[in-house]
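Small disclaimer: the values here were computed from a predicted structure and weren't measured.
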Amino acid sequence: RVREALGSLGWARLAEPEVAPGVRRLRWRSCLRMLSRRRRELHIRRVMLAAGLWMKLRSSKRRRPSAAGSRPSTAKPGEEPGSSRTPVASATSLGSASADVGMDDMEDVMEGAPPSDDDFEPPQPRGPVKSRRPPPRPAKPADGKEGEVSSGPKPRKITLLRSVFEGRPPVVLFTYTPACAAVQRPLDRAVPADDDGPRMFYSHTDAIHQYNAVINILRHGGLFRVRAETYRWTVMWSLHPSSEQLRRFSPVQRANHFPGSFHLGRKDLIWRAIAKMQQKFGKEYQITPQGYILPKAFQAWDAARQRQPDALWIWKPCSQSCGRGIQVLSSDIPKEQSKEFAKKKGIVQRYVPNPLLIGGRKFDMRIYVVVLSYDPLKVYINDEGLTRFATDAYTEDKESLQCRTMHLTNYSVNKTSAAFVQNTDGQGEDGEDMGNAEVDEQGRPVASKWSLTELRLHFERQGMDFEAMFNGIKDLVVKTLIAVESPIQVEWHRTLGSEGGGWGARGPGGAHRGSCFELYGFDVLVDAQLKPWLLEVNICPSLSSGSPLDKRIKTKVVADVLTLSGVHPPTALWKLSPESVNWPTGTTGKEPCLDENEAASGCTLTEEEMAKRARKLAACASPQEALATFDETAWELVLESHEEEMRSGGLEKIFPGPNAGQYVHYWEQETYCNMVLRLWHEAGGGEIFRSSSRKLLPAWVPRQVCFNKT
């Protein structure tokens, strides 16, 4: 069939057996290049053909009589059976009817082809359409007679989440899948969307690994998959959006990466940003071990090794992951190896000499952090994470430096060890529970991976202060994000094609500072004094479900992130479900926001206007006085921030908060948006929306009617 397809395309010479292998390889490369250029055209033709054949097969199936083995006649009156002008599709005709059908056999050659056409939305006719959902199929009778049409797969249902305020539109609620075994979040504000409403779409590109945790949550949320180039999606899960993509974003579209977040992911760039802050603030920014970017800083590292002859060092490639290329070194390395590092690109950092051990094993923590925007900086931390153990007992003997399963805690490194034990999260066979912070007689962890809840339980058993340690991690996260905010801002307006404007730069289609969100994996090591140290930040943390523990934690965090990001449904969808809005009981003086683009447009002030208003707020003597000067733009920032916190699920907001003032001096200049949220929290935060504090608010500010978090 491949040869037939090639022949129909004029490439039959590729299938000639007498062609020399070298010539055949060159011809295949030419074929692949041509296929890459024609990829989109061929795929559209194939989808259209598949849709047409599917419709013919469907109509043929509906006309099939109940008697088994009989074939329906398609002849018109006056024609003989079998002489119908409409051919009946069969297995043989599908294989040779056209070259496009033969291209199905070249699925692997066509990069970017979807795993299944059924998962993609076919092209839709333009014009006013009440609903794009197919008509419901008749249910199969209980007796299951042959010839009846089955009910088919369960339709996808969108669930809307009511706002906690009156008159504000809902967002899409992404609930946890039953298979992940996570305790479902409260659903008292959940409202099912009307079945006759328009569909919503997402795009998951081939530029990033496809995780079941992501795909299942998006499907479970009622969204259908389309290709990124259609721009019909509301959520795009991919790598960093390109300049062309970001400039075409509408206000309601969301992407899962900020342009320029590689300043967090690359080990050399994040060290450069933190080192700059260390020069300004000294010990306040000692959040990661001392580092040297090689080969430029080789002389400085060589001098440090001479000053600290007993120290250990760890060398890492700048942009690798999963423990690839990492080496643990002593200060007295051979001259040949020293010359090699003098030419090798990477970063070398001081090895933390006294790590906290559990049962003699070294461990680190994978902390999941969500950033909704960098101006204002809005940071959430997940209540669950992973504790990853090395599988060999720790020792500082220099003879053991080559033992990767002793010094590295990466799952990718330790999973191949014979001592690795999977955490079944209480779902083991024969009632075996490889969880609950179980340790053996020697105090060693039974499972090679714990949740943060299990680590907390172990700390309580040992009389250690988990809360103090975790507060140190929150401080570390906020300081890290402040350190990289400036270079990421430069990348933001560069990607939008703006010469200046900072975070106020907007795309021609409506992209704004809230168009992106990002899930980070902070790898943190704790020493014997319970001081946390940042090891690295993963901007694409693994979301694989290799164990029941991983499946529960990662599926839950993906659902919480998508709900928190605020996916706005089309107005036509939630208008069909009026109960999805808390309509005001009286006149508030302000009409409800009925348009999803208006609800998601973000702050539209220019940098000059925001700087002027920031100076006015800075002149206020108290937070309460500043609160009285808030205009509609400031209150919109406050309402949006409070709504996000009220739908955060298992995510905890760590910035801004009541203690946001202690981080002000780390910025060269506090922005207007950050100042508004800081002053609001200092004035009382969410408590000012309760009836006893409503006197501080203007009359047109919507009334909060629900005070339970979802």
Test item: side-chain donor near acceptor, [X] and [Y], under 3.5 Å:
X    : Y    : value
S261 : H240 : yes
T387 : E454 : no
D332 : S330 : yes
Q279 : Y285 : no
Q529 : N354 : yes
D550 : S547 : yes
N414 : T391 : yes
Q349 : Y351 : no
D523 : N538 : yes
Q308 : R350 : yes

Regarding [X] and [Y], does a basic nitrogen lie under 4.0 Å from an acidic carboxylate oxygen?
X    : Y    : answer
E336 : K339 : no
R404 : D392 : no
E644 : K653 : no
R227 : D206 : no
K474 : E652 : yes

In a table with atom names and distances, give each donor-acceptor pair under 3.5 Å that connects a side chain of residues 291-303 to protein atoms at least two apart or in another chain.
residue : atom : partner : partner atom : Å
D302    : OD1  : R305    : NH2          : 2.6
D302    : OD2  : Q306    : NE2          : 3.4

Under the 3.5 angstrom rule, does the side chain of [X] hit a backbone N or O of [Y] as a donor-acceptor pair?
X    : Y    : result
D560 : G650 : yes
T555 : R552 : no
S448 : Q422 : no
D527 : L530 : yes
E607 : G504 : yes
Q253 : W233 : yes
H263 : A483 : no
R247 : L496 : yes
T563 : A559 : yes

Taking salt bridge (Lys or Arg N to Asp or Glu O under 4.0 Å) as the cut-off, I'd like each qualifying pair that reaches into residues 255-266, sequence neighbours left out, listed once. R266-D268
Salt bridge (charged side-chain N to carboxylate O under 4.0 Å, His left out) against K345, all qualifying residues, sequence neighbours excluded: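 Applying salt bridge (charged side-chain N to carboxylate O under 4.0 Å, His left out) to K345 gives none.
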What pair of heavy atoms forms the shortest contact from [X] to [Y], and how long is it?
X    : Y    : value
A182 : Y176 : CB-CD1, 4.1 Å
A505 : H493 : CB-CB, 3.9 Å
S641 : Y380 : O-OH, 4.2 Å
H681 : P658 : CB-N, 4.1 Å
A393 : R361 : CB-NH1, 3.8 Å

Partner residues of F258 under the ring-ring contact (aromatic ring centres under 6.0 Å, His included) criterion, sequence neighbours left out: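 Partners of F258 under the ring-ring contact (aromatic ring centres under 6.0 Å, His included) test: Y374.
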Contacts of D375 meeting side chain to side chain contact (heavy atoms under 4.5 Å, CB included) (sequence neighbours excluded), chain-then-number -> W503, R513, T671, C673, N674
How many angstroms lie between atom CZ of R444 and atom CD1 of I358, to the nearest 0.5 angstrom? 14.0 Å
Enter the distance from Y672:OH to L677:CG here, rounded to the nearest 0.5 Å. 10.0 Å
W315 vs I347, test: side-chain contact (heavy atoms from CB on, under 4.5 Å). Steps then yes/no. CA-CA 6 Å; W315 184 90; I347 180 172; over 6 Å; no
Does any part of the side chain of V567, heavy atoms only, come nearer than 4.5 Å to the side chain of S565, both counted from C-beta? yes
Any side-chain heavy atom of L476 sitting closer than 4.5 Å to one from F522?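 Contact flag for L476/F522 side chains = yes.
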Cation over ring, K276 on W271, under 6.0 Å and within 45°?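 No; the conditions do not both hold, so K276 does not lie above the ring face of W271.
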Distance under 6.0 Å and angle within 45° of ring axis: K449 vs Y411: yes
Please lay out, stage by stage, how Q278 and Q286 fare under the test side-chain contact (heavy atoms from CB on, under 4.5 Å). CA-CA 7 Å; Q278 287 181 354; Q286 296 295 334; 3.8 Å; yes
With a cut-off of 6.0 Å (strictly less than), are more than 12 heavy atoms of other residues, nucleotides or ligands near [atom1] of [X]?
X    : atom1 : answer
K551 : NZ    : no
Q402 : CD    : no
E668 : CD    : no

Dump the intermediate steps for ring pair (Phe, Tyr, Trp, His ring centres under 6.0 Å) on Y663 and H665, then the final yes or no. CA-CA 6 Å; Y663 298 97; H665 64 288; 8.1 Å; no
Can I get a per-line list of side-chain donor-acceptor pairs under 3.5 Å for residues 317-329, giving both atom names and the distance, sequence neighbours left out?
residue : atom : partner : partner atom : Å
Q320    : OE1  : R324    : NE           : 3.2
S321    : OG   : R324    : NH2          : 3.0
R324    : NE   : S321    : O            : 3.4

Would you sort out whether F389 and W450 count as a ring pair (Phe, Tyr, Trp, His ring centres under 6.0 Å), showing the intermediate values? CA-CA 8 Å; F389 292 95; W450 284 354; 5.0 Å; yes
List the steps, then state whether side-chain contact (heavy atoms from CB on, under 4.5 Å) holds for I215 with H204. CA-CA 8 Å; I215 297 297; H204 193 298; 3.7 Å; yes
Any chance you could lay out the side-chain contact (heavy atoms from CB on, under 4.5 Å) test for L525 and F363, step after step, and finish with the verdict? CA-CA 7 Å; L525 179 75; F363 72 93; over 6 Å; no
